[in-house]
J.: 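One structure coming up, written as structure tokens, with questions to follow.
Atoms considered below: every heavy atom in the structure, side chains included; atoms not considered: hydrogens, waters and symmetry mates.
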Amino acid sequence: MSRWYAIRTAPGYQRMAAVDERLPESRRMESIIERNCRKDGFDIFMPSFYRELKHHRTNEIIQKRFPFLVGYAFVNLPRLNFEEVRSVEGVVCFLRGANYGPLEFPDSTIEALYFAEHERRQAFLYEQHCRRESWRQERVHHLRGQLRKILPKGRKARVSMVDQAEMAIESLSPQIKERVQKIISELNGLTSDVEVENLRQAV
């Protein structure tokens with residue numbers, strides 16, 4: 001049996017918690033309020049969405065998670081142990097109904113929020129795949145352009161650029177040979193089936 005109630009969270013507690021390698025993969029991007037509640041044995045649901053942002057110092061692309069409902073999350077309390085939840089760090093209070101007691105939300109409301117979160121997650125994964133695929137294609141084009149500048153002219157039309165590189169590589173100077181080998185290695189990695197498999201998983 002499930003009985004869902006909304007809690008008001010303290011400012012800052014919906015931010016992502018510090019990474020803890022001891023936790024399972026499913027909990028690597030949890031918020032501080034989620035971690036605190038789970039640590040104390042409470043089932044919590046904070047509807048969320050994901051975005052990719054560029055780190056302001058390193059320019060590294062990082063994935064961040066944000067709450068749909070800023071300031072609120074839901075806890076499942078079949079035993080109605082409200083006071084125990086109130087003692088969790090980051091919990092301010094329960095959302096109250098017209099009868100001044102904690103307002104209970106039907107399963108249908110929670111299920112709708114779960115579905116909305118899942119739908120947005122799938123859209124994010126697809127958008128992420130498209131961005132990576134666009135970058136991959138641009139990188140392949142750039143690397144092939146580098147090979148054209150390095151390799152001898154007049155390759156046969158039916159021989160691929162990479163095959164031509166492999167055939168001609170032995171005649172190159174050691175420095176150019178090493179450079180071509182690195183380009184070929186990166187091309188092979190970029191044209192693997194890994195991204196295709198990621199797309200299947202995303203949708």
Side-chain angles (χ1 to χ4, degrees), residues 1-55 60-82 84-86 88-97 102-137 190 192-203:
M1 178 184 176
S2 58
R3 302 190 70 169
W4 291 95
Y5 298 87
I7 55 170
R8 186 86 169 94
T9 62
Y13 278 81
Q14 287 181 302
R15 287 184 290 106
M16 286 171 58
V19 175
D20 187 342
E21 299 295 339
R22 298 169 298 178
L23 294 174
E25 187 66 31
S26 59
R27 291 186 56 186
R28 292 292 168 85
M29 297 188 73
E30 66 186 354
S31 65
I32 299 171
I33 190 65
E34 288 172 309
R35 183 168 296 179
N36 290 350
C37 283
R38 288 166 183 157
K39 179 172 61 70
D40 289 350
F42 297 111
D43 183 15
I44 182 171
F45 171 48
M46 188 183 80
S48 306
F49 64 96
Y50 295 79
R51 290 186 64 191
E52 283 187 337
L53 302 173
K54 185 178 288 188
H55 194 281
E60 178 187 1
I61 299 298
I62 54 177
Q63 191 177 129
K64 301 276 283 185
R65 181 170 170 250
F66 299 93
F68 268 133
L69 306 173
V70 177
Y72 294 95
F74 299 89
V75 288
N76 182 21
L77 297 178
R79 296 191 292 114
L80 304 181
N81 43 342
F82 301 109
E84 293 178 35
V85 176
R86 287 189 181 98
V88 174
E89 184 180 354
V91 175
V92 175
C93 63
F94 282 90
L95 191 64
R96 295 182 175 275
L103 179 62
E104 183 175 348
F105 288 80
D107 286 346
S108 58
T109 299
I110 304 302
E111 288 169 3
L113 288 169
Y114 266 114
F115 181 78
E117 180 183 69
H118 175 75
E119 192 174 62
R120 187 64 195 90
R121 176 66 171 163
Q122 297 309 303
F124 168 78
L125 290 173
Y126 181 74
E127 292 163 5
Q128 184 184 60
H129 166 79
C130 290
R131 285 192 295 272
R132 290 177 177 175
E133 180 62 16
S134 177
W135 174 87
R136 186 189 70 82
Q137 291 180 2
L190 288 167
S192 69
D193 293 331
V194 173
E195 289 297 328
V196 176
E197 182 59 30
N198 287 344
L199 177 59
R200 289 199 191 100
Q201 294 175 7
V203 297

J.: I'd like to know if the side chain of S31 pairs up with that of E34 as donor and acceptor (distance under 3.5 Å, no hydrogens or angles considered).
T.: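 Result is yes, a qualifying pair exists.
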J.: Find the distance between CZ (R28) and CE (M16) and round it off to the nearest 0.5 Å.
T.: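 Interatomic distance, R28 CZ to M16 CE, rounded to 0.5 Å: 11.5 Å.
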J.: Out of curiosity, M29 CE to L23 CG, how far, rounded to the nearest 0.5 Å?
T.: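 Rounded to the nearest 0.5 Å, the CE-CG separation comes to 13.5 Å.
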J.: Which value, rounded to the nearest 0.5 Å, describes the distance between I61 atom CD1 and R51 atom CZ?
T.: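 One finds 11.5 Å between CD1 of I61 and CZ of R51.
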J.: Run E52 and K64 through salt bridge (charged side-chain N to carboxylate O under 4.0 Å, His left out) and show every step you take.
T.: CA-CA 6 Å; E52 283 187 337; K64 301 276 283 185; over 6 Å; no
J.: Nearest 0.5 Å, what's the CD-CD distance between E119 and Q122?
T.: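 Result: 9.5 Å between the selected atoms.
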J.: Look at E30 together with R38 and state whether they make a salt bridge at an N to O cut-off of under 4.0 Å.
T.: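 So E30 pairs with R38 through a salt bridge.
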J.: To the nearest 0.5 Å, what is the distance between CD (E104) and OG1 (T109)?
T.: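 One gets 10.5 Å once the value is rounded to the nearest 0.5 Å.
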J.: Counting distance only, does the side-chain N/O of E89 pair as donor-acceptor with the main-chain N or O of I32 below 3.5 Å?
T.: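 No, the answer is negative, given that no donor and acceptor are paired below the 3.5 Å cut-off.
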J.: Is the ring centre of F105 less than 6.0 Å from the ring centre of Y5?
T.: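 No.
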J.: Given the side-chain rings of F82 and F94, with only the six-membered ring counted for Trp, is the space between their centroids under 6.0 Å?
T.: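 Yes - the distance between ring centres of F82 and F94 falls below the 6.0 Å cut-off.
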J.: Looking only at heavy atoms, what is the nearest atom pair of T9 and V92, with distance?
T.: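 It is C-CG2, 3.7 Å.
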J.: Hey, are the side chains of K54 and E60 touching, using non-hydrogen atoms and a 4.5 Å cut-off?
T.: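 No, too far: nothing below the 4.5 Å cut-off.
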J.: Could you check whether any side-chain heavy atom of I44 comes within less than 4.5 Å of a side-chain heavy atom of I33, counting everything from C-beta outward?
T.: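 Yes, side chains in contact.
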J.: Begin with the C-alpha distance, continue with both residues' side-chain angles, and end with the deciding distance and a verdict on side-chain contact (heavy atoms from CB on, under 4.5 Å) for Q63 and Q128.
T.: CA-CA 10 Å; Q63 191 177 129; Q128 184 184 60; 3.3 Å; yes
J.: Under the 3.5 angstrom rule, does the side chain of N76 hit a backbone N or O of D43 as a donor-acceptor pair?
T.: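 Side chain of N76 to backbone of D43: no pair is present.
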J.: Is it true that a side-chain atom of S48 and a backbone atom of M46 form a donor plus acceptor pair closer than 3.5 Å?
T.: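 It does hold such a pair.
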J.: Output, in order, the C-alpha distance, side-chain angles, deciding distance and verdict of side-chain contact (heavy atoms from CB on, under 4.5 Å) for D40 and E84.
T.: CA-CA 9 Å; D40 289 350; E84 293 178 35; over 6 Å; no
J.: What's the spacing between F74 CZ and Y72 OH if we round to 0.5 Å?
T.: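 It comes to 10.0 Å.
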J.: A side-chain contact here means heavy atoms from C-beta on lying under 4.5 Å apart; do P102 and R96 qualify?
T.: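 In contact.
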J.: Between L95 and I7, is there a side-chain heavy-atom distance shorter than 4.5 Å?
T.: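 Of all side-chain heavy-atom pairs linking L95 with I7, none is under 4.5 Å.
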J.: Is any side-chain heavy atom of F45 less than 4.5 Å from a side-chain heavy atom of I110?
T.: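 Yes - at least one pair of side-chain heavy atoms lies under 4.5 Å apart.
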J.: Apply side-chain contact (heavy atoms from CB on, under 4.5 Å) to D107 and W4, showing your working.
T.: CA-CA 7 Å; D107 286 346; W4 291 95; 3.6 Å; yes
J.: For R15, look at atom CZ and say whether over 12 heavy atoms of other residues, nucleotides or ligands are found less than 6.0 Å away.
T.: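 No, CZ of R15 has 12 or fewer neighbouring heavy atoms, counting only those of other groups under 6.0 Å.
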J.: What pair of heavy atoms forms the shortest contact from V75 to C37, and how long is it?
T.: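 That closest heavy-atom pairing would be CG1-SG, 4.4 Å.
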J.: Would you say R120's side chain and F49's backbone share a donor-acceptor pair under 3.5 angstrom?
T.: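 Side chain of R120 to backbone of F49: no pair is present.
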J.: Given 3.5 Å as the limit, does a donor-acceptor pair link the side chain of R27 with the main chain of P24, or not?
T.: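 Such a contact is absent between R27 side chain and P24 backbone.
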J.: Is there a side-chain contact between E117 and R121, using heavy atoms and a 4.5 Å cut-off?
T.: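 Side-chain contact under 4.5 Å: no.
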J.: Check the surroundings of atom CZ in R131: do more than 12 heavy atoms from other residues, nucleotides or ligands lie under 6.0 Å from it?
T.: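 Yes, enclosed.
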J.: Indicate the atoms forming the closest heavy-atom contact of Q14 with G71, along with that distance.
T.: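 Heavy atoms of Q14 and G71 come nearest at OE1-N, 2.6 Å.
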J.: Can you find a heavy atom in the side chain of N36 that is under 4.5 Å from one in the side chain of F42?
T.: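 Side chain of N36 against side chain of F42, heavy atoms only: no contact under 4.5 Å found.
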J.: Side-chain contact test, heavy atoms from C-beta onward, threshold under 4.5 Å: evaluate it for R35 versus D20 and give yes or no.
T.: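 The answer is yes; the side chains approach within 4.5 Å.
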